[in-house]
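All remarks here apply to the structure that follows.
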Amino acid sequence: DGNELAEIEDYINNNTTDNSKSDMFGIAKDKNVIFISLESMQSFVINNTLHGEEITPFLNDLVEDSYYFENFYHQTEQGKTSDSEFLVETGLYPLPSGAVFFTHGQNEYNSTTEILKNNGYTSNVFHANNKSFWNRDVMYDNLGIDKFYDVESYDVNDENSVGWGLKDKPFFDQSIKYLEDLPEPYYSRFITLTNHYPFDLDPEDATIDKFDSNSKTLNQYFQTVRYTDEAIKEFFSDLKASGEYEDSIIVLMGDHYGISDFHDKAMAQYLDKEEITPYDHIQLQRVPFIIHIPGQDGKVMSEVAGQIDVKPTLTHLLGIDDSDDLSFGTDLFGENRKGYIALRDGSFISNDYIYTKDQCFNRSTGELIAAETEGITDDEHTKQENACQPIEEKVAKELSYSDQIIYGDLFRFHDFKNENEETNESKNESE
Ligand code: GP9
Ligand code: MN
């Protein structure tokens with residue numbers, strides 16, 4: 001039965017539910033939502049330079065006119081892009097290993113898509129890859145997505161593809177016609193691809209010189225990042241020309257890191273540091289999160305934030321009451337934030353601390369507060385005063401609750417008010 005759920009509901013209601021309404025509530029009511037997933041885009045490239053040149057000139061301009069969350073962390077694991085989609089669609093954590101899109105693609109969820117659809121939206125995803133990659137065809141169906149414009153919707157040839165497939169510029173260019181035909185309001189997610197490991201690019205598409213280090217990967221990364229930046233610039237002007245821009249809000253989010261710690265030496269060289277410490281490693285897990293609302297002024301938002309917060313933030317902006325939802329994020333404009341962001345491996349970032357690999361750092365200075373010392377017994381260690389410990393325990397509990405929901409498919413035992421009645425009936429029949 002669903003008894004395990006009662007304890008989890010209590011935890012969520014007491015810790016991760018914020019029913020307050022900020023003055024941002026409903027500010028984008030009934031607007032289209034254009035959500036752009038930025039492949040492997042990390043925050044360190046934003047407002048930064050290489051060879052004295054801006055790496056992302058368009059995004060740098062855009063953040064000036066947008067809500068830009070500079071301390072926003074990805075929370076993905078082995079499911080990479082699909083994990084980031086899972087976070088956005090469910091407000092649950094992806095799994096500690098494997099890809100939840102594959103292993104629990106048939107579970108019952110209360111998805112962002114379903115909630116928006118019950119508030120009059122249509123929904124679709126644009127991504128020029130095979131539909132079954134990451135089991136998307138199955139999972140998207142389950143999440144309630146109306147249509148997946150996969151590789152078959154695009155004209156892909158040798159000329160217009162590189163690396164993983166269709167280049168981002170033709171991808172956006174070919175998507176516009178579909179977007180224009182959608183019934184409004186729509187919730188449309190676009191997933192870019194060119195800035196994907198190993199970051200190959202045709203020489204004629206490169207508009208910034210490579211970096212010069214021992215890492216070919218990092219050297220090339222700046223060029224594909226720049227290419228995606230230009231693709232988004234073109235997309236924005238197409239959105240304006242087609243009239244879609246005015247009736248929409250545009251949300252951009254990095255899906256996960258692009259540069260692994262295998263390239264730490266080169267990364268340290270770029271960042272002008274002696275080495276990449278565990279603290280630096282966590283700070284490098286920041287990805288851009290940008291909410292652009294046409295006609296509104298921009299603001300840099302410095303609170304600690306993560307992908308888990310996207311769902312409640314979106315519903316808040318759209319003026320949708322989601323007080324019955326069970327998720328682990330909180331609205332980024334709300335007052336009652338949780339105060340920390342859990343990474344999938346149990347590391348966390350709180351207002352004051354960064355915890356990773358049994359080490360507790362001062363978040364603002366990067367100084368170590370308490371380390372697990374060699375030669376000290378576990379028992380002594382637990383007694384040792386550790387500033388991070390209370391949150392460390394909360395994080396472990398929260399991750400385990402999320403896992404329990406997924407492993408036990410516990411949402412079968414909960415009635416969400418936004419749930420699609422038809423889906424429920426057909427599910428009951430087949431049980
Ligand atoms: C594949 C694309 C990239 O469709 O989403 O996947 P990733 O390797 O980043 O998870
Ligand atoms: Mn990805």
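Start at 1 and go down the list; that is how both ligands and their atoms are numbered.
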OE1 (Glu39) to the Mn ion (ligand 2) to OG1 (Thr81): angle, nearest 10 degrees? 100°

Can you name the N/O/S atom of Asp255 that is nearest the Mn ion (ligand 2)? OD2

For Asp325, is there an ion pair with Lys311 - N to carboxylate O distance below 4.0 angstrom? yes

Side chains of Thr192 and Phe172, heavy atoms from C-beta outward: is any pair under 4.5 Å? yes

Side-chain heavy-atom pair Trp134, Asn129 within 4.5 angstrom cut-off: no

For Phe25 and Phe333, what are the C-alpha separation, side-chain angles and deciding distance, and is it a ring-ring contact (aromatic ring centres under 6.0 Å, His included)? CA-CA 9 Å; Phe25 184 81; Phe333 296 100; over 10 Å; no

Distance in Å, His316 NE2 paired with Leu332 CG, rounded so as to fall on 0.5 Å steps: 10.0 Å

Determine, for Asp83 against Lys80, whether the closest basic-nitrogen to carboxylate-oxygen distance falls under 4.0 angstrom. no

Any N/O/S atom from His256 (main chain or side chain) under 2.8 Å of the Mn ion (ligand 2)? yes

Between Lys299 and Glu64, is the closest basic N to carboxylate O distance under 4.0 Å? no

Close-range residues for ligand 1, whose non-hydrogen atoms fall below the 4.0 Å threshold: Glu39, Lys80, Thr81, His127, Asn129, Phe133, Trp134, Arg136, Trp164, Leu193, His196, His256

